Amino acid sequence: MIQRMSTLFVRTLREDPADAEVPSHNLLVRAGYVRRIAPGIFSWLPLGYQVFRNVEAIVREEMNQAGFQEVHFPALLPREAYETTGRWTEYGDNLFRLKDRKGNDYLLGPTHEEMFTQMVKGEFSSYRDLPLWIYQIQTKYRDEARPRAGILRGREFVMKDSYSFDVDDAGLEFSYNRHRDAYVSTFKRMKVDYVIVSAMAGAMGGSRSEEFLANSPFGEDTYVRCDCGFAANVEALHIPLASFDPGINLDTELPASHAEQTPETPTIDSLVNLSNARADLARGDHLWFASDTLKNILLIATNADGSEEPLAIGLPGDREIDTRRLEAALYPRVARPFEEADFAAHPALIKGYIGPRALGKKSTSGIEFLTDPRVVRGTRWITGNNVKGQHVYDLVFGRDFESDGVIDVAEVFNGDPCASCGGTINLARGIEIGHIFQLGRKYAEALGLKVLDERGELVTVTMGSYGIGVSRAVAVIAEQHHDDKGLVWPREIAPADIYLVAAGKSEDAAIKAEELAQIWDQMGLRVILDDRVGVSPGVKFNDSELVGVPTIVVIGKGLERGVIEVKDRASGERVDIAVDDAIAAVHRICTN
RNA sequence: CGGGGCGUAGCGUAGUGGCUAGCGCGCCUGCUUUGGGAGCAGGAGACCGGGAGUUCGAAUCUCCCCGCCCCGACCA
């Protein structure tokens, strides 16, 4: 079917919408693809909905091809199953909740692990039925505290979520890899530039987890990458323990520790400045750096049962704690900073001068003390001496102090060593477009999904869950495929193959355009025909570029010479082709 | 939830106490124009986010409320 601009339900905007900050949002609005309804909630106009459905079709085809079966759940769900798994409360304010006329609780599904698990439980009960791979493409609802960036992060969004059910871990591993492969080919088809990073499985339960992150400066996830191919979400990054010389004699080869008066040095900067200013404190081999100091951060950790206990973390003074890494490392415990009242409850801890010798389960304070992986045997530190205005120098780990364990929560810097090859890592930003999890038995356990194994014994099924943000993918593709003139869709995503412009005042152009549009349409090409009369050529050219269809054909002044112009939207390349040759030539361009 | 910014026509905006709220885009009518967001003329479209107050007079000042955008916290 030919889409005619004269009647198409679209209005392109000449000016940037005031509320759009990121390119995908700006262009999708300007080109008349989407309109905002409420924060994080958008409607799709004809061009936009076609693009959306093209993306959805790729996901569906790749899923089906990989052997997954499509099902469909309601978005409106009863409370019960989410109560059983604890997520009715865990999800907190992010859950859209509502009541029916009888006062029963319902929710708009944020994700469907519970429903899938229940469904399988209701149908299957033998190991012989497994593995099972099912998926749906569904509208999800999450009442995000702050939706942003147009449809990149909405409160209503479409997600493809699939789930695998296996009888054992080996089966899960196979199912997981199967999904991983399907995702690789899906995103390849979408022409998304992405990287696969190892991620935290923590909050969802389970073990292995990887994210597919689309490269974008507007990404919300920070990940590290290395030339060796290593990539990880910063939350999931584990830096290696610092190396040391195991043969070193700590007592004879390192200076003895010594306490020093260091008044007015409550911050790391002030401490480093004072240390370098005083000749008697010189380190010898180099100036003191912030990384030579050990700062000890106090937190209050809340356990899963609600009880609280203090926790101390010792890390090099040049680094802050990365709260997302902390959260991932402590899960399911959560932590908050020490407050005045907490200091008051622990008078032995002198704010600004806290040292390792007041910390640790074996110390008098009894406070759990965990240290950064860079704090290893033989490292010497300047750190608090637990006396106001006093620090201790050359405090050596393994000689003068110990910790209760390692915790890897310090912020990651560009140029830090790579955990895999020892090279240096770079920080980059990405948009999460896919996430695959080995869930394990958390949901099957909670909802009682068991099958009989070959010995006739009941075993709990192990699950994987896998998601692709379908509506988000539309925005990601726009984000990665545009220029200063507008959108530049990959052909399979685009709302049409050809944007056919009838330019100039000659009626011949309009007639020829109509004729060619019909021919290409009958050849199976998708055509947008700009048949608007009285609209100046400049407007049509600009719209043709803004809309982003891959092939632009202009029929106008060249017609007298028997040629039409064929432009490649992406490269900007334009060639004149004789009208008679153009039918086949454009068809070839559009189909190879 | 913390910080910042902002609500005036479909979109983008001007207007800090005083005539009928101005301009650009878009829209309608007519004429002209037709290869890079045309010109002229005429027109439609705004309870200036809501409420209360101050004042002879409020888009403009005060108070309360609502909403939106951005950064952070949090999250596919």
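Computation of the quantities below employed the complete heavy-atom set of this structure, encompassing side-chain atoms and omitting hydrogens, waters and symmetry-equivalent molecules. The structure displayed is predicted, hence computed values, not measured ones. Within every chain, numbering begins at 1; the chains are lettered A, B, ... in the order of the sequence lines, protein sequences first and strands thereafter.
Looking at the side chain of A:D543, the nearest of the listed nucleotides B:A76, B:G37, B:G36 is B:G37. Distances were taken from every side-chain heavy atom of A:R146 (C-beta onward) to each of B:C75, B:G37, B:C70; the shortest belongs to B:C70. Candidate nucleotides B:C74, B:C25, B:C75 were compared by shortest atom distance to the side chain of A:A145, and B:C74 ranks first. Distances from the side chain of A:R148 to the nucleotides B:A73, B:G26, B:A76 place B:A73 closest.
Note: A:Y33 and A:H25 fail the aromatic proximity criterion, with ring centroids not under 6.0 Å apart. Centroid-to-centroid, the aromatic rings of A:F73 and A:F116 come within less than 6.0 Å. You'll find the ring centres of A:W133 and A:Y466 outside the 6.0 Å limit.
Every residue two or more places apart in sequence or in another chain that forms a salt bridge (Lys or Arg N to Asp or Glu O under 4.0 Å) with A:R79 is listed here: A:E83, A:D105. A:R574 meets the salt bridge (Lys or Arg N to Asp or Glu O under 4.0 Å) test with A:E565; sequence neighbours excluded. Legend: residues meeting ring pair (Phe, Tyr, Trp, His ring centres under 6.0 Å) with A:F165, ordered by chain and number and at least two apart, are absent. For A:E156, there are no salt bridge (Lys or Arg N to Asp or Glu O under 4.0 Å) partners two or more places apart in sequence or in a different chain.
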(message) Give the dot-bracket line for RNA chain B from 5' end to 3' end: parentheses for intra-strand Watson-Crick or G-U pairs under 3.5 Å, square brackets for crossings, | for inter-strand pairing, dots for unpaired.
(response) ((((((((.[[[[.)..(...]]]].((((((.....)))))).....[[[[[..)....]]]]])))))))....
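On the C1' atoms, B:U55 is 12 Å away from B:U62, given to the nearest whole Å. Rounded to whole Å, the separation between the P atoms of B:G53 and B:C75 comes to 46 Å. Remark: the separation of the C1' atoms in B:G4 and B:G10 is 29 Å, to the nearest Å. Nucleotides B:G50 and B:C66 have their C1' atoms positioned 7 Å apart, rounded to a whole Å. Using P as the reference atom, B:A9 and B:A21 are 14 Å apart when rounded to the nearest Å. Comparing the same atom, C1', in B:G42 and in B:A58 gives a spacing of 34 Å after rounding to whole Å. The same atom, C1', is picked in B:A46 and in B:U34; the two are 35 Å apart, to the nearest Å. Separation of the C1' atoms belonging to B:G18 and B:G57 is 7 Å when rounded to the nearest angstrom.
Rounded to whole Å, the distance from CD1 on A:I321 to P on B:A73 is 15 Å. Taking atom CD of A:E211 as the reference point, atom P of B:C75 lies 12 Å away to the nearest angstrom. Between the P atom of B:C1 and the CG atom of A:N94 lies a distance of 13 Å, rounded to the nearest Å. Atoms CZ (A:R11) and P (B:G37) sit 19 Å apart, rounded to a whole Å. With rounding to whole Å, A:R532 atom CZ is found 11 Å from B:G26 atom P. Computed from coordinates, the A:K140 NZ to B:C75 P distance equals 18 Å when rounded to whole Å.
In summary, A:E210 and A:R208 engage in a salt bridge, as defined by a charged side-chain N under 4.0 Å from a carboxylate O.
Geometrically, A:R35 does not engage A:W44 in a cation-pi contact defined by less than 6.0 Å to the ring centre and at most 45° from the axis.
The residue A:E144 sits close to a base: some heavy atom pair falls under 4.0 Å. As judged by a 4.0 angstrom heavy-atom cut-off over every strand, A:E507 is placed among residues making no nucleic acid contact.
Within the structure, salt bridge (Lys or Arg N to Asp or Glu O under 4.0 Å) pairs that include any residue of residues 478-490 of chain A comprise A:D483-A:R569 (at least two apart or interchain).
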(request) Please report the C-alpha distance between A:E514 and A:R4 in whole Å, then the side-chain angles of each, then the deciding distance to 0.1 Å, and finally whether the salt bridge (charged side-chain N to carboxylate O under 4.0 Å, His left out) criterion is met. (result) CA-CA 10 Å; A:E514 179 68 36; A:R4 291 179 167 79; 2.4 Å; yes
(request) Please report the C-alpha distance between A:E56 and A:R53 in whole Å, then the side-chain angles of each, then the deciding distance to 0.1 Å, and finally whether the salt bridge (charged side-chain N to carboxylate O under 4.0 Å, His left out) criterion is met. (result) CA-CA 5 Å; A:E56 182 187 45; A:R53 288 199 303 178; 6.0 Å; no
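Under the 3.5 Å distance criterion, with hydrogens and angles disregarded, a donor-acceptor pair is assigned to the side chains of A:Y223 and A:R225.
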Enumerate all atom pairs, one protein N or O and one N or O from nucleotides 4-8 of chain B, separated by less than 3.5 Å.
none

Tabulated below should be each protein N or O lying under 3.5 Å from an N or O of nucleotides 11-16 of chain B; please produce it.
{"residue": "B:G12", "atom": "OP1", "partner": "A:A18", "partner atom": "N", "Å": "3.2"}
{"residue": "B:G12", "atom": "O2'", "partner": "A:E15", "partner atom": "OE2", "Å": "3.3"}

Pairs: protein N or O with nucleotides 32-35 of chain B N or O, under 3.5 Å:
{"residue": "B:U34", "atom": "OP2", "partner": "A:K505", "partner atom": "NZ", "Å": "3.0"}
{"residue": "B:U34", "atom": "O2'", "partner": "A:K505", "partner atom": "N", "Å": "2.6"}
{"residue": "B:G35", "atom": "O2'", "partner": "A:K557", "partner atom": "NZ", "Å": "3.4"}
{"residue": "B:G35", "atom": "N7", "partner": "A:K557", "partner atom": "N", "Å": "3.2"}
{"residue": "B:G35", "atom": "O6", "partner": "A:G556", "partner atom": "N", "Å": "3.3"}
{"residue": "B:G35", "atom": "O6", "partner": "A:K557", "partner atom": "N", "Å": "2.9"}
{"residue": "B:G35", "atom": "N1", "partner": "A:E565", "partner atom": "OE1", "Å": "3.3"}
{"residue": "B:G35", "atom": "N2", "partner": "A:E565", "partner atom": "OE1", "Å": "2.7"}
{"residue": "B:G35", "atom": "N2", "partner": "A:E565", "partner atom": "OE2", "Å": "3.4"}

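Sequence order on RNA chain B of the closest nucleotides to A:R153 and A:R30 puts A:R30 first from the 5' end.
Among A:F212, A:F68, A:Y135, the one residue that satisfies the ring-ring contact (aromatic ring centres under 6.0 Å, His included) test with A:Y183 is A:F212.
When all heavy atoms are compared, the tightest approach of A:L487 to A:A478 is CD2-CB, 3.7 Å.
Atom CD of A:E70 has more than 12 neighbouring heavy atoms from other residues, nucleotides or ligands inside a 6.0 Å radius.
Between the CG atom of A:D372 and the CD1 atom of A:I407 there is a distance of 9.5 Å, given to the nearest 0.5 Å. Interatomic distance, CG of A:L500 versus CE of A:M5, reported as 12.0 Å (0.5 Å rounding).
A:L370 has its side chain within reach of A:L311: a pair of non-hydrogen atoms, C-beta onward, lies under 4.5 Å apart.
Phosphate proximity of B:G26 to A:R14: present, with a side-chain N or O under 4.0 Å from OP1 or OP2.
RNA chain B lies under 4.0 Å from at least one heavy atom of each of the following residues of residues 32-44 of chain A: A:R36, A:P39. Of the residues in residues 45-65 of chain A, not one places a heavy atom less than 4.0 Å from an atom of RNA chain B.
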Please table the atom pairs, donor to acceptor, closer than 3.5 Å between any side-chain atom in residues 187-197 of chain A and protein atoms at least two apart or in another chain.
{"residue": "A:R189", "atom": "NE", "partner": "A:E492", "partner atom": "OE1", "Å": "3.2"}
{"residue": "A:R189", "atom": "NE", "partner": "A:E492", "partner atom": "OE2", "Å": "3.1"}
{"residue": "A:R189", "atom": "NH1", "partner": "A:E61", "partner atom": "OE1", "Å": "3.2"}
{"residue": "A:R189", "atom": "NH1", "partner": "A:E62", "partner atom": "OE2", "Å": "2.9"}
{"residue": "A:R189", "atom": "NH2", "partner": "A:E61", "partner atom": "OE1", "Å": "2.7"}
{"residue": "A:R189", "atom": "NH2", "partner": "A:E492", "partner atom": "OE2", "Å": "2.4"}
{"residue": "A:D193", "atom": "OD1", "partner": "A:N215", "partner atom": "ND2", "Å": "3.4"}
{"residue": "A:D193", "atom": "OD2", "partner": "A:N215", "partner atom": "ND2", "Å": "3.2"}

